[in-house]
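Scroll down for the structure; my scribbles are underneath it.
The chains referred to below are lettered A, B, ... by the order of the sequence lines, with proteins before strands, and numbering in each begins at 1.
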Protein chains: 2
Amino acid sequence: MAQLSTASGIPVATIKYYLREGLLPAGERSGPNQALYGPEHLRRLRVIRGLLEVGGLSIAAAHQVIDAIDSDLGLSHTFDIAQRTVSPQIDLAALSPEAVAQVDTVLSGWHVSPDNPGRLAAARVLQTFAELGQPDLSGWVPGYAAAALAVAEADLDEVDARSDRESKTEMVVVGTVLGDALFAALRRAAQEHVSSRRYPAPPNP
Amino acid sequence: MAQLSTASGIPVATIKYYLREGLLPAGERSGPNQALYGPEHLRRLRVIRGLLEVGGLSIAAAHQVIDAIDSDLGLSHTFDIAQRTVSPQIDLAALSPEAVAQVDTVLSGWHVSPDNPGRLAAARVLQTFAELGQPDLSGWVPGYAAAALAVAEADLDEVDARSDRESKTEMVVVGTVLGDALFAALRRAAQEHVSSRRYPAPPNP
DNA sequence: ACTATCGGATAGTGTTGCTGTCTATAGTTT
DNA sequence: AAACTATAGACAGCAACACTATCCGATAGT
């Protein structure tokens with residue numbers, strides 16, 4: 001276990017904690033107080049840290065998506081679990097009908113089930129804007145939808161590019177979680193790029 | 001204050017907490033133990049709840065971006081504060097040069113400063129993929145970059161569409177925070193749409 | 001005069017993600 | 001064989017966070 005700790009850079013106490021929480025499978029027992037850990041444990045640890053640190057998931061959420069990787073349920077079901085895990089729980093009754101209608105307008109032509117977590121989350125965001133007196137976002141949101149469609153195509157392409165089923169499953173889960181972080185990061189960079197192109201000389205205070 | 005509480009749906013104790021933390025400016029004092037709260041307080045409360053619940057910010061982070069709204073520092077500076085607040089702090093020394101180079105390839109042609117928070121965060125994500133043995137993302141990431149560019153254009157368009165400076169500032173801050181959530185939500189919906197189009201009949205277990 | 005409410009201060013709560021300590025045992029070195 | 005180190009497993013403790021509850025003295029409205 002000391003090796004596992006030094007190889008991963010994670011303290012022994014933390015590894016024990018992940019074992020306790022069921023995030024990491026126990027090592028192969030070689031005695032009452034001895035266990036052997038293989039490369040798959042190291043890999044799993046890296047998945048865990050990626051989900052927690054980069055993806056910002058909680059321990060409980062990471063547990064769910066890791067279970068989704070381990071169980072073989074078919075890709076669409078795995079997608080569903082991953083999506084629900086990373087999305088906020090939203091009560092449909094708490095949403096204004098206007099916001100929901102607004103989202104459905106944007107999503108018109110898409111085949112999306114009514115309880116898709118993204119649909120509800122998007123409605124929540126639009127409702128927040130509406131409460132802040134920004135009712136007309138018709139110039140803004142469609143651009144987001146078009147970009148989201150392009151990204152989703154890229155996501156599915158990448159999953160298709162994986163050869164074996166296990167690799168596909170992992171790409172579904174990890175891609176769902178880390179894809180959010182990746183896009184947000186690239187948006188920051190793109191904002192600086194576009195901003196500097198539009199306003200060449202930033203005003204000096 | 002009771003009115004403010006019922007109007008916003010936020011418990012009095014919580015409003016007091018926000019006052020203590022400096023998120024909400026004090027009401028206009030009308031006596032040693034009396035204060036008046038106006039519509040601007042209600043609006044501010046809605047901003048706070050949006051940042052915390054929808055944007056997922058911490059109290060400290062919300063404080064920073066709210067200060068950015070209040071101070072008038074020029075749009076590019078406000079953008080910078082908002083970006084740094086919502087981005088994870090990443091130590092450049094902890095990043096592998098390969099991951100950084102990979103990001104810079106994707107960002108080639110963009111005018112992005114070396115310490116742009118998005119550049120570092122994107123490198124962190126790519127490094128995580130590399131550690132998981134997914135080295136070749138050249139079919140995936142460029143699509144993200146193109147989409148991010150389109151979204152950034154839409155963001156700046158929307159800021160430009162605001163007339164007064166204060167409204168622009170608020171759109172910069174709120175748009176930066178809630179835009180992430182909006183895009184992530186629409187990506188979920190788009191994934192279901194694309195997935196159902198590509199694999200019409202999900203396998204029944 | 002009386003009662004409800006106010007602002008302000010202080011302390012307490014539940015959750016989360018670890019971290020430190022302890023014990024009994026097992027391997028390893030001398 | 002004795003000394004030493006490392007291990008698994010259980011348990012308690014801790015710091016940060018976002019509230020929440022209680023108390024207090026003063027005052028506004030009736």
Side-chain angles (χ1 to χ4, degrees), chain A residues 1-38 41-42 44-67 85-86 88-89 128 177, chain B residues 1-38 40-42 44-67 85-86 88-89 177:
Chain A
M1 179 178 268
Q3 295 163 25
L4 193 61
S5 172
T6 55
S8 65
I10 299 171
V12 174
T14 305
I15 295 178
K16 285 185 178 182
Y17 171 63
Y18 293 157
L19 282 168
R20 260 200 317 282
E21 295 296 312
L23 283 184
L24 189 66
E28 191 191 343
R29 302 301 305 274
S30 69
N33 67 340
Q34 217 72 7
L36 296 173
Y37 302 95
H41 290 92
L42 184 54
R44 171 60 59 90
L45 269 179
R46 286 207 254 258
V47 173
I48 293 170
R49 295 304 281 202
L51 294 177
L52 295 186
E53 289 184 5
V54 181
L57 296 197
S58 68
I59 296 284
H63 198 175
Q64 288 183 44
V65 298
I66 281 177
D67 281 355
T85 304
V86 301
Q89 281 285 79
T128 302
V177 176
Chain B
M1 177 178 268
Q3 296 163 26
L4 194 61
S5 172
T6 54
S8 63
I10 299 171
V12 174
T14 304
I15 295 178
K16 284 185 178 184
Y17 171 63
Y18 293 158
L19 282 168
R20 257 197 322 279
E21 296 295 313
L23 284 184
L24 188 67
E28 191 191 343
R29 303 300 306 273
S30 69
N33 67 342
Q34 217 73 7
L36 297 172
Y37 302 94
E40 73 277 13
H41 290 91
L42 184 54
R44 171 60 59 91
L45 270 180
R46 286 207 254 257
V47 172
I48 292 171
R49 295 304 282 202
L51 295 178
L52 295 186
E53 289 184 6
V54 181
L57 295 196
S58 67
I59 296 285
H63 198 176
Q64 288 183 42
V65 298
I66 282 178
D67 281 354
T85 303
V86 301
Q89 281 284 79
V177 176

Tell me: CE of B/Met1 to C1' of C/dA9, nearest whole Å?
-> 13 Å
Does anything in residues 10-23 of chain B reach DNA chain C, meaning a heavy atom under 4.0 Å, and if so which residues?
-> B/Lys16, B/Arg20
Are there any protein N/O atoms within less than 3.5 Å of an N/O atom in nucleotides 24-30 of chain D, and if so, which ones and at what distance?
from: D/dA26; atom 1: N3; to: B/Asn33; atom 2: ND2; distance (Å): 2.9
from: D/dT27; atom 1: O4'; to: B/Asn33; atom 2: OD1; distance (Å): 3.3
from: D/dT27; atom 1: O4'; to: B/Asn33; atom 2: ND2; distance (Å): 2.9

For B/Leu52 and D/dC17, give me the distance from atom CG to atom P, rounded to whole Å.
-> 13 Å
Pairwise distance OH(B/Tyr18) to CG(B/Leu23) - rounded to 0.5 angstrom | 7.5 Å
NZ (A/Lys16) and CD1 (A/Ile10) are apart, to the nearest 0.5 Å, by 15.0 Å
Heavy atoms under 4.0 Å, any strand shown: does B/Ala26 hit a base, just sugar-phosphate, or nothing?
-> nothing
Just jot down the salt bridge (charged side-chain N to carboxylate O under 4.0 Å, His left out) partners of A/Arg49, sequence neighbours excluded, or say none.
-> A/Glu53
Distance from A/Leu52 atom CG to A/Ile59 atom CD1, nearest 0.5 Å?
-> 4.5 Å
Tell me, which of residues 55-62 of chain A have any heavy atom that sits under 4.0 Å from an atom in DNA chain C?
-> A/Ser58, A/Ile59
Check whether any side-chain N or O of B/Arg29 sits under 4.0 Å from OP1 or OP2 of C/dG8, and answer yes or no.
-> yes
Return the set of residues passing salt bridge (charged side-chain N to carboxylate O under 4.0 Å, His left out) with B/Arg44 (not counting sequence neighbours), or none when no residue passes.
-> B/Asp70
Can you tell me how far CG of B/Leu4 sits from CG of B/Leu45, rounded to the nearest 0.5 angstrom?
-> 5.0 Å
For B/Gln3 and C/dG7, give me the distance from atom CD to atom P, rounded to whole Å.
-> 10 Å
Over all heavy atoms of both residues, which pair between A/Leu42 and A/Ser8 is shortest? Give the atoms and the distance, please.
-> CD1-CB, 3.7 Å
List in chain and number order the residues that pass ring-ring contact (aromatic ring centres under 6.0 Å, His included) with A/Tyr37, two or more places apart in sequence or in another chain; answer none if no residue qualifies.
-> A/His41
In whole angstrom, what separates A/Leu45's CG from C/dC18's C1'?
-> 14 Å
In this structure, CZ of A/Arg20 is separated from CD1 of A/Ile15 (nearest 0.5 Å) by 12.0 Å
The reported gap from CD in B/Glu21 to CD1 in B/Ile66 (rounded to nearest 0.5 angstrom) is 11.5 Å
Taking every heavy atom of B/Thr85 against every heavy atom of B/Ala61, the minimum-distance pair comes out as CG2-O, 3.4 Å
